[in-house]
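To start, the structure itself, in structure tokens.
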Amino acid sequence: MNIHEYQAKSILKKYGCRIQEGTVAESADKALTAAKELKAETGTEWFVIKAQIHAGGRGKGKINETGSNGVVLAKSLDEVPDKAKGILGGTLVTHQTGPEGKKVHKVLVAQDVYYPGESEPKEYYLSVLLDRAKGCNVIMASTEGGMDIEDVAEATPEKIFKEWVDPSTGLLPFQARKIAFALGLEGNAFKEMVKFVSALYRAYEETDASMFEINPVLKTSDNKILAVDAKVNLDDNALYRHKDIAEFRDISEEDPLEVEANAAGLNYVKLDGNVGCMVNGAGLAMATMDIIKLSGGEPANFLDVGGGANAETVEAGFRIILQDPNVKAILINIFGGIVRCDRVANGVVEAYKKIGDISVPIIVRLQGTNAEEGAKIIEESGLKVASAILLKDAAAKVKEVLA
Ligand code: GDP
Ligand code: MN
């Protein structure tokens, strides 16, 4: 699950990371109230107004309707409402949203932390993520903050410092100091960075995150270290242990079909092709997508109905696939183990009749326990459903209907 910047910052703060303070607002009025409160609390005269969407690159991104950037600076309280209006309700397009962009429902009104002082503010990059190959967590740090880390990794990989953390010992104090040293910090900034890294690592570990990325981490002109941005990815399978964080979920940021599938207990990912597929088991789903490609189609989705495929899950799967206007054919590929093929076949026929008016051809491939009985039920149903037992026959039928 992804969360918004303002939510991620609230987690960081709870774990003891200093953050750029701010308040989220849904209207220009509320943005002004938030700015006034910030001024009273922090003494700031300038404010940054930041679109809250689940995508990065907001600073360089543009709002379609107004031409405003997704992150803007207001140099007085008076400027706040208009600058917030330039973002709220608009569609923000960044290099991460795709050309269709994302609608902005909320802005974060934050204190300006790039104020002048004894030294220049300086941006750094910091992240914690899982290194699957090494089987441990890795902290990545760079002096090249504010830039896309992928670009840094490609052009100047030597500027990314990596420190691996053994999960059985956790982050050791010397490792946090090594990172602060690698970033060239000294004095108070060094001390604050050590504290920041330790708190960040604890936040990552204790929330069961798969990634915490702070880009930029800022050294202010008075040598404080704080998070200006925060991008967090949490492990869905651990959310049951974090009820408070699970509430951060914002379904308006997710694909509506994926939300519906999730509610029905299906594992669904929308893709751009023309053949919808419904399969039990993730591995079989991947193989089915390959078969669709080999027969000249493109998969319209990944859909794993899980172990207990029954009439209800098949119907929910059908409904979701049929909502995708690009779908020209549906391939159902079920391996009947504990769930017998005749039961799945009955489920398909039942769901078909219940939904009615299905105009796209359906190919059902049932293999495993009672495969013959299943095929018979499909053939005798009188519905526009073709049956196959062998995968190559199913593929040939997909090819036939697409021709
Ligand atoms: P992103 O573009 O989605 O990654 O959003 P960020 O939160 O990283 O902000 C983008 C950029 O806005 C930062 O790299 C900064 O250059 C700028 N920015 C963010 N906060 C402030 C601030 O308090 N003052 C000023 N002057 N610029 C800021
Ligand atoms: Mn950023």
Side-chain angles (χ1 to χ4, degrees), residues 2-13 17-25 31 34-35 38-39 41-63 68-77 79-80 83-84 86-87 90-98 101-117 119-129 140-153 200 211-222 224-233 253:
N2 291 321
I3 58 176
H4 288 293
E5 173 198 356
Y6 76 93
Q7 298 165 328
K9 279 177 165 169
S10 76
I11 297 177
L12 286 174
K13 189 172 175 175
C17 288
R18 193 196 291 277
I19 58 164
Q20 173 191 43
E21 294 288 342
T23 309
V24 72
L38 265 179
K39 184 171 175 171
E41 279 163 28
T42 68
T44 188
E45 299 279 346
W46 291 9
F47 309 89
V48 236
I49 300 167
K50 313 177 79 178
Q52 297 298 288
I53 57 167
H54 285 185
R58 298 163 300 164
K60 292 197 186 87
K62 278 225 162 27
I63 301 278
S68 165
N69 288 113
V71 176
V72 294
L73 193 62
K75 295 190 178 178
S76 69
L77 278 175
E79 284 184 23
V80 170
K83 298 235 160 157
I87 297 176
T91 306
L92 178 57
V93 180
T94 80
H95 70 278
Q96 287 186 9
T97 61
K102 283 206 158 184
K103 185 128 176 160
V104 185
H105 301 285
K106 294 175 192 160
V107 288
L108 175 62
V109 182
Q111 60 174 159
D112 165 42
V113 286
Y114 289 62
Y115 46 81
S119 64
E120 281 289 305
K122 161 111 185 81
E123 296 179 325
Y124 298 90
Y125 172 94
L126 210 53
S127 65
V128 189
L129 56 149
M140 300 211 284
S142 177
T143 50
E144 308 307 290
M147 311 209 339
D148 267 332
I149 199 67
E150 290 82 3
D151 296 342
V152 180
L200 172 66
M211 186 191 69
F212 258 77
E213 183 184 60
I214 318 296
N215 190 19
V217 175
L218 191 74
K219 175 167 77 86
T220 61
S221 61
D222 49 355
K224 290 185 184 124
I225 298 292
L226 53 80
V228 168
D229 194 4
K231 192 173 175 198
V232 169
N233 190 269
E253 288 286 327

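Counting convention: from 1, in listed order, for ligands and their atoms alike. Excluded from the calculations below are hydrogen atoms, water molecules and symmetry mates; all remaining heavy atoms, backbone and side chain alike, are included. Predicted model only: the values in this text are computed from it and were never measured.
A51 is linked by a side chain to side chain contact (heavy atoms under 4.5 Å, CB included) to I87, L92, V104, counting only residues two or more places apart in sequence or in another chain. Judged as a side chain to side chain contact (heavy atoms under 4.5 Å, CB included), and not counting sequence neighbours, the contacts of K103 are H105. For E253, the salt bridge (Lys or Arg N to Asp or Glu O under 4.0 Å) criterion is met by K102, not counting sequence neighbours.
You'll find the side chain of D229 reaches within 4.5 Å of the side chain of E5, heavy atoms only. Contact annotation: the side chain of K50 approaches that of Q52 to within less than 4.5 Å [non-hydrogen atoms, C-beta and beyond]. Looking only at side-chain heavy atoms (C-beta outward), V228 and E123 stay at 4.5 Å or farther from each other.
Protein heavy atom closest to atom 2 (O) of ligand 1, with residue, atom name and distance, is G59 N, 2.8 Å. In this structure, atom 24 (N) of ligand 1 lies nearest to the protein heavy atom D112 OD1, 2.7 Å. Of all protein heavy atoms, the one closest to atom 4 (O) of ligand 1 is D229 OD2, 3.1 Å. Looking only at protein heavy atoms, the nearest one to atom 19 (C) of ligand 1 is V228 CG1, 3.5 Å. Regarding atom 5 (O) of ligand 1, its nearest protein heavy-atom neighbour is R58 NH2, 3.1 Å. Nearest protein heavy-atom contact of atom 7 (O) of ligand 1 is K50 NZ, 2.6 Å.
Residue contacts with ligand 1, taken as heavy atom pairs separated by less than 4.0 Å, involve V71 solely via side-chain atoms from C-beta onward. At a heavy-atom distance under 4.0 Å, no atom of K60 approaches ligand 1. In V48, the part holding a heavy atom less than 4.0 Å from any atom of ligand 1 is the side chain. Using a 4.0 Å cut-off between heavy atoms, N215 contacts ligand 1 through its backbone alone, with no side-chain atom that close.
Here E79 does not pair with K75 in a salt bridge; the nearest charged N to carboxylate O distance is not below 4.0 Å.
Proximity annotation for atom 25 (C) of ligand 1: of W46, Y115, F47, Y114, Y114 comes nearest, heavy atoms only.
Of the possible donor and acceptor atoms, one in the side chain of K122 sits under 3.5 Å from a partner among the backbone N and O of T143.
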The test is side chain to side chain contact (heavy atoms under 4.5 Å, CB included); show your working for L218 and Q20 and say whether it passes.
CA-CA 9 Å; L218 191 74; Q20 173 191 43; over 6 Å; no
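For the Mn ion (ligand 2), the count of nearby protein N/O/S atoms, taking only those under 2.8 Å, is 2.
At least one heavy atom of E123 sits under 4.0 Å from some atom of ligand 1.
Atom 21 (C) of ligand 1 lies below 4.0 Å from at least one non-hydrogen atom of the protein.
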